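Written below as structure tokens is the structure these notes are about.
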Amino acid sequence: MKFKPKDMTVSRRDFVQKSAMAVGSFFIVPRHVLGKGFTAPSDKLNLAAIGAGGKGTSDIFNASNNGVNNVTALCDVDYKQAAKSIERFPNAAKYKDWRVMFEKEGKNIDAVTISTPDHNHAVIAMAAMQLGKHVYVQKPLTHNIYEARMLTEAARKYKVVTQMGNQGASNPAQRQMVEWFDKGMIGPVHTVQIWTNRPVWPQGIPTPTGKPDMPEGIAWDQWIGPAQMVDYHPGYHPFKWRGWWNFGTGALGDIGCHTIDTPFRVLGLNYPTEVECSVGAVFIKDWQPEWIPEGCPPSSSVEIKFPATAKNKTEMKMIWMDGGLRPFHPDWIPASEPLSTDGNGANGVLMIGTKGIIACDMYGNNPKIYMKNGDKIVMAKDSKYAAPVNMPEYGHQIHWTEACKAGFGSDKHKGLTSSFDYSGPLTETVLMGNLAIRSYMLRKPQGNGFDYYGRKKLLWNGTDMKITNFEDANQFVSRPYRDGWKLV
């Protein structure tokens with residue numbers, strides 16, 4: 001199976017046709033064309049939020065930049081979860097279905113923040129870009145590798161300004177680590193260690209059963225979107241959806257775009273070449289591990305290999321651990337030193353070179369070098385790479401809105417730290433780990449037990465988005481959508 005670029009449309013009954021008539025003529029035009037009394041988009045951006053609760057609360061608030069930009073519309077399937085955004089922006093129109101919002105408000109919207117559960121990211125972002133809207137999409141960019149590739153190509157095709165919501169990408173401390181590495185201070189990197197305490201939600205547990213009453217006001221069909229339909233359950237909404245493959249992307253999807261971002265940027269990485277994993281098991285019955293293919297595992301360890309790059313001139317392996325697993329101290333980090341200072345070492349990154357180790361916390365915070373000769377180098381508190389004051393989340397959303405005003409291809413657009421040209425390949429790498437995990441759980445009957453026939457090293461052709469040595473793993477490159485939904 002070889003994926004090729006193609007025309008991309010999102011179909012939900014006749015949504016695109018109706019939306020094209022309503023908003024297909026959207027253009028950014030100068031003030032003198034609009035006439036007196038109108039504000040050009042270069043002065044004030046009109047924003048809409050799809051997913052206005054949870055992380056969407058801060059995404060749309062930060063993008064509004066304390067009133068510098070208008071919030072024209074809010075869309076959320078559960079107004080209770082979006083209550084804070086509704087209170088902050090009382091003049092914004094409210095919707096539960098983003099398709100209806102685009103039909104009715106399209107001419108009033110320049111850019112959209114998308115902060116829904118993972119499974120809805122791609123179809124919403126694609127529809128917005130096809131209508132000429134700039135998009136900010138929460139991490140991970142998409143639910144699967146194929147979707148990430150399609151959004152990356154669509155951003156170029158529709159010439160819109162994009163940003164993924166991995167805010168640490170805008171942390172200036174990342175530039176400190178790039179500078180250290182580019183100066184050759186730690187030599188070529190052969191191993192990267194990354195770990196997290198996630199999942200911090202129920203995971204590795206049996207699939208929810210029963211059909212509890214759904215709280216009033218939740219638009220469940222819209223929440224399900226392109227995923228396979230299941231009944232409402234509080235084990236899915238809110239927040240706990242992360243642990244189920246139908247909706248979420250597990251610990252890797254939640255934190256990988258924050259932590260893998262650092263070595264991806266510092267080392268100039270792109271598509272990996274192979275991946276292998278092991279997965280934690282849960283035993284409720286003696287000698288019989290639970291098998292829950294619908295759910296993400298309680299813990300995992302994934303090794304992803306990369307070829308040499310223009311920046312890092314040696315092959316490299318990246319080792320990811322979640323579920324509270326952590327690496328052991330490398331030789332050059334003193335025994336008394338914590339591997340990270342993020343929540344008692346809950347999350348961290350080590351880039352291990354021939355001359356030293358660059359270490360940091362999540363979001364690229366607290367960078368330091370442990371040299372082979374025993375020296376330790378930390379970033380100065382008054383460094384030019386210190387985080388900006390009074391700019392939430394390192395200005396990640398604000399930088400995006402300013403680039404939207406400057407336009408596609410502008411210097412501000414090119415200066416974004418996580419536009420889809422960068423965050424698309426990053427997301428593909430993150431989701432490569434999930435492809436391996438899901439392949440690891442494949443099984444078929446064998447005698448009185450089972451043959452877990454996917455537990456092998458997987459070889460990856462990044463250009464073609466294809467596992468070359470195990471065809472059954474390729475089912476996880478994309479996903480089946482329920483009837484009425486597609487991404488092509």
Side-chain angles (χ1 to χ4, degrees), residues 139-141 164 166-196 198 251-277 301-322 325-327 330 332-333 339-340 342 345 347-370 377 379 385 417-418 421-433 436 460 462:
K139 55 77 197 164
L141 183 60
M164 183 173 73
N166 57 328
Q167 61 269 24
S170 291
N171 184 354
Q174 298 254 29
R175 299 203 299 272
Q176 173 68 90
M177 289 182 280
V178 170
E179 180 181 287
W180 282 340
F181 179 76
D182 289 351
K183 287 181 176 179
M185 295 179 69
I186 66 167
V189 168
H190 53 80
T191 305
V192 171
Q193 296 270 12
I194 303 174
W195 67 97
T196 181
R198 269 60 165 188
L252 265 159
D254 185 50
I255 296 300
C257 290
H258 291 311
T259 50
I260 294 176
D261 173 41
T262 299
F264 210 82
R265 188 178 309 276
V266 171
L267 305 178
L269 302 179
N270 204 288
Y271 301 139
T273 55
E274 56 188 69
V275 61
E276 190 170 9
C277 78
S301 178
V302 180
E303 181 177 276
I304 303 174
K305 289 189 177 179
F306 296 85
T309 69
K311 292 190 66 179
N312 190 53
K313 300 185 185 302
T314 184
E315 293 182 351
M316 187 210 78
K317 62 182 179 181
M318 177 185 292
I319 301 169
W320 162 277
M321 288 179 278
D322 60 46
L325 300 175
R326 298 193 306 174
W332 306 334
I333 298 181
L339 293 181
S340 83
D342 184 354
N347 308 282
V349 179
L350 302 176
M351 290 174 277
I352 304 172
T354 57
K355 297 191 295 184
I357 300 170
I358 294 178
C360 68
D361 299 346
M362 192 157 65
Y363 310 125
N365 285 323
N366 301 314
K368 58 187 74 71
I369 298 179
Y370 296 94
I377 301 169
M379 189 177 80
Y385 298 121
T417 55
S418 204
D421 281 331
Y422 171 83
S423 58
L426 168 61
T427 298
E428 289 188 34
T429 295
V430 171
L431 299 179
M432 175 59 58
W460 179 244

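Predicted model only: the values in this text are computed from it and were never measured. Only heavy atoms go into these numbers, but all of them, side chains included; no hydrogens, no water, no symmetry mates.
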Over 12 non-hydrogen atoms of neighbours within 6.0 angstrom of NZ in Lys311: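 For Lys311, atom NZ is crowded (more than 12 foreign heavy atoms under 6.0 Å).
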Polar side chain donor-acceptor pair, Asp182 to Trp180, under 3.5 angstrom: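 On atom types as modelled, these side chains do not qualify, holding no pair under 3.5 Å.
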Tyr422 side chain to Asn166 side chain, donor-acceptor N/O pair below 3.5 angstrom: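 Short answer, no.
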Qualifying salt bridge (charged side-chain N to carboxylate O under 4.0 Å, His left out) pairs, either residue in residues 348-361, two or more places apart: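 Every candidate salt bridge (charged side-chain N to carboxylate O under 4.0 Å, His left out) pair involving residues 348-361 fails, so no pair, neighbours aside, qualifies.
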Qualifying residues under side chain to side chain donor-acceptor pair (under 3.5 Å), relative to Gln176, sequence neighbours excluded: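 Side chain to side chain donor-acceptor pair (under 3.5 Å) list for Gln176, sorted by chain: empty.
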Listed partners of Asp342 passing side chain to side chain donor-acceptor pair (under 3.5 Å), at least two apart: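 Partners of Asp342 under the side chain to side chain donor-acceptor pair (under 3.5 Å) test: Asn347.
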Can you find a heavy atom in the side chain of [X] that is under 4.5 Å from one in the side chain of [Y]?
X: Ile333; Y: Leu350; answer: yes
X: Leu426; Y: Ile260; answer: yes
X: Met379; Y: Tyr385; answer: yes
X: Lys368; Y: Ile358; answer: no
X: Cys277; Y: Glu303; answer: no

side-chain contact (heavy atoms from CB on, under 4.5 Å) evaluation trace for Ser170 with Thr417: CA-CA 6 Å; Ser170 291; Thr417 55; 2.9 Å; yes
Spatial distance of atom OH (Tyr363) from atom CG (Asn171) [nearest 0.5 Å]: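 The CG atom of Asn171 is 11.0 Å from OH of Tyr363, to the nearest 0.5 Å.
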Evaluation steps, side-chain contact (heavy atoms from CB on, under 4.5 Å), between Val192 and Met316: CA-CA 8 Å; Val192 171; Met316 187 210 78; 3.5 Å; yes
Derivation of the salt bridge (Lys or Arg N to Asp or Glu O under 4.0 Å) call for Arg198 and Asp322: CA-CA 6 Å; Arg198 269 60 165 188; Asp322 60 46; over 6 Å; no
Least distance between heavy atoms, Pro263 atom then Val349 atom: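 Minimum heavy-atom contact is CD-CG1, 4.1 Å.
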Step-by-step side-chain contact (heavy atoms from CB on, under 4.5 Å) determination, Cys257 to Met164: CA-CA 9 Å; Cys257 290; Met164 183 173 73; 3.8 Å; yes
Intermediate values then yes/no, side-chain contact (heavy atoms from CB on, under 4.5 Å), Met185 and Ile369: CA-CA 9 Å; Met185 295 179 69; Ile369 298 179; 3.9 Å; yes
Arg175/Glu179 salt bridge by N-O under 4.0 Å criterion: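 A salt bridge is absent here (no side-chain N lies under 4.0 Å from a carboxylate O).
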Carboxylate-amine/guanidinium proximity below 4.0 Å for Lys139 and Asp261: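 Not counted as a salt bridge, because no side-chain N and carboxylate O are separated by less than 4.0 Å.
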Sidechain-backbone polar pair: Thr309 side chain, Asn312 backbone, donor-acceptor under 3.5 Å: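 It does hold such a pair.
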